[in-house]
Amino acid sequence: MDDRTELSEFLKSRRARLRPEDVGLRDYGGVRRVAGLRREELARLAGVSIAHYTRLEQGKGDSVSDEILDAVGAALLLDTDELAYLQRIARRPAPCAGATASSEVPPSLRYLLKSFVMTPALVVGRHTQIVGWNQLAVAVFGDFPALPENRRTFSHLLFTEPYLRELHRTGWERAAREHVAHLRVLLGRYRGDSGLAAHIDHMRQLNADFARMWAEHPVAQVRSRAYVLHHPVVGELTLHGELIKLPDEPACCGLDLFAAEPDSASEQALRKLGSL
């Protein structure tokens with residue numbers, strides 16, 4: 001996970017997805033030797049010299065100003081998450097506080113997890129490891145506590161556990177891609193965290209689907225989302241998820257909560273699972 005390579009490949013992937021007509025340029029036809037925009041076209045759109053942009057795409061971002069990064073981001077039509085990621089990976093990583101992931105969950109968080117009677121709840125670490133949970137989360141998402149600790153991650157659950165793939169069914173591809181995109185956000189946020197980089201490299205080698213999605217360079221922070229699950233006990237279950245950041249817990253990425261619509265069949269299904 002070389003920083004220069006990551007910056008270079010990210011910019012190339014975003015340039016490749018744009019066609020001249022997407023950004024108001026005239027396409028004179030003929031065979032284009034590169035997918036998407038040429039470097040000189042992108043540089044012209046951003047209002048920077050081709051030399052400046054070429055250095056940036058070679059992974060040499062340290063001397064590039066914030067104004068140039070913003071201009072390049074605008075020319076590439078980056079969204080908010082993608083621009084934030086570009087700004088992070090273009091700079092030398094600062095020392096990563098609390099870089100060693102811990103499986104310790106503070107008592108206050110453990111008490112909070114148990115208090116959620118109708119809400120599957122998880123505490124997720126910065127390597128996507130599941131470090132805390134309540135019983136309803138286990139009832140919905142399977143017996144992940146029985147997995148070895150080094151495989152008790154959302155990455156492993158989604159990409160190597162048949163139960164999770166069957167739980168999502170046709171929605172698996174979307175859920176998996178959202179997860180990979182969020183991992184890239186974490187990579188930008190926790191630069192210098194060797195454990196996170198090692199986790200990503202491990203998953204790329206372990207699973208072809210993960211490697212395929214990672215190579216596409218998706219970048220998107222997990223926000224509100226809804227999943228239609230197919231539970232083996234209660235049938236179809238629609239849950240709405242929220243990932244809440246825990247900024248005061250450096251080893252924990254967030255508190256992941258799932259809820260059903262009030263008075264819905266899914267809420268009744270959660271109630272049944274909670275009573276088993």
Side-chain angles (χ1 to χ4, degrees), residues 81 103 105 108-147 151-186 203 207 209-210 213 218-247 249 252-276:
D81 289 338
S103 59
V105 177
S108 58
L109 271 179
R110 292 202 303 270
Y111 304 152
L112 186 62
L113 287 173
K114 289 185 178 181
S115 73
F116 290 124
V117 178
M118 286 292 295
T119 304
L122 302 155
V123 178
V124 186
R126 65 169 64 168
H127 305 168
T128 79
Q129 69 273 36
I130 302 172
V131 296
W133 55 85
N134 63 6
Q135 285 305 116
L136 193 53
V138 177
V140 171
F141 297 111
D143 192 16
F144 56 82
L147 293 174
R151 294 179 64 86
R152 196 182 301 145
T153 75
F154 265 119
S155 300
H156 285 93
L157 290 179
L158 278 167
F159 287 94
T160 69
E161 292 297 321
Y163 176 88
L164 255 290
R165 193 180 283 251
E166 174 60 21
L167 191 67
H168 282 280
R169 290 190 187 171
T170 58
W172 178 85
E173 181 85 13
R174 183 201 125 203
R177 189 174 298 277
E178 285 177 350
H179 175 75
V180 172
H182 183 65
L183 262 179
R184 212 172 218 106
V185 171
L186 296 181
M203 291 304 304
N207 184 271
D209 284 323
F210 185 97
M213 293 179 188
V219 180
Q221 185 171 316
V222 166
R223 295 184 173 88
S224 301
R225 70 268 196 215
Y227 297 131
V228 178
L229 305 177
H230 302 272
H231 196 276
V233 175
V234 295
E236 187 172 294
L237 185 62
T238 300
L239 295 182
H240 301 264
E242 293 285 345
L243 180 62
I244 301 169
K245 289 184 182 179
L246 299 171
E249 297 296 334
C252 297
C253 171
L255 182 64
D256 215 1
L257 305 176
F258 298 87
E261 183 179 342
D263 301 320
S264 66
S266 292
E267 185 184 62
Q268 293 302 313
L270 279 183
R271 197 179 302 279
K272 179 179 179 179
L273 287 173
S275 66
L276 296 177

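In this chain, numbering begins with 1 at the start of the sequence shown.
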Rounded to the nearest 0.5 Å, what separates atom [atom1] in [X] from atom [atom2] in [Y]?
{"X": "Ile130", "Y": "Phe141", "atom1": "CD1", "atom2": "CZ", "answer": "8.5 Å"}
{"X": "Leu243", "Y": "Arg223", "atom1": "CG", "atom2": "CZ", "answer": "11.0 Å"}
{"X": "Leu183", "Y": "Phe154", "atom1": "CG", "atom2": "CZ", "answer": "11.5 Å"}
{"X": "Glu242", "Y": "Phe258", "atom1": "CD", "atom2": "CZ", "answer": "10.0 Å"}
{"X": "Leu167", "Y": "Leu229", "atom1": "CG", "atom2": "CG", "answer": "4.5 Å"}
{"X": "Leu136", "Y": "Leu122", "atom1": "CG", "atom2": "CG", "answer": "10.0 Å"}

[X] and [Y]: which non-hydrogen atoms are nearest, and at how many Å?
{"X": "Glu236", "Y": "His230", "value": "OE1-CE1, 4.1 Å"}
{"X": "Val180", "Y": "Pro218", "value": "CG1-CG, 3.9 Å"}
{"X": "Gln221", "Y": "Asp81", "value": "N-OD2, 2.9 Å"}
{"X": "Leu257", "Y": "Ala121", "value": "CD2-CB, 3.6 Å"}
{"X": "Leu237", "Y": "Ala269", "value": "CD1-CB, 3.7 Å"}
{"X": "Tyr163", "Y": "Pro232", "value": "OH-CD, 3.8 Å"}

Minimum side-chain heavy-atom gap [X]-[Y] below 4.5 Å:
{"X": "His231", "Y": "Leu273", "value": "yes"}
{"X": "His182", "Y": "Thr128", "value": "no"}
{"X": "Thr119", "Y": "Leu270", "value": "no"}
{"X": "Thr238", "Y": "Ser264", "value": "no"}
{"X": "Lys114", "Y": "Gln135", "value": "no"}

Can you tell me if [X] uses its side chain to pair, donor with acceptor, with the backbone of [Y] under 3.5 Å?
{"X": "Arg152", "Y": "Leu147", "result": "yes"}
{"X": "Arg165", "Y": "Trp172", "result": "no"}
{"X": "Asn134", "Y": "Phe116", "result": "yes"}

Just jot down the side chain to side chain donor-acceptor pair (under 3.5 Å) partners of [X], sequence neighbours excluded, or say none.
{"X": "Glu178", "value": "Arg174, Tyr227"}
{"X": "Glu166", "value": "Arg169"}
{"X": "Ser115", "value": "none"}

Test side chain to side chain contact (heavy atoms under 4.5 Å, CB included) on Met118 and Arg271; report intermediate values, then the result.
CA-CA 7 Å; Met118 286 292 295; Arg271 197 179 302 279; 4.0 Å; yes
Using 30° and 60° as the class boundaries, would you call the ring planes of Phe159 and His179 parallel, tilted or perpendicular?
tilted
What residue among Leu255, Val105, Val123 forms side-chain contact (heavy atoms from CB on, under 4.5 Å) with Leu112?
Leu255
So, for Phe144 and Trp133, is the gap between ring centers shorter than 6.0 Å?
yes
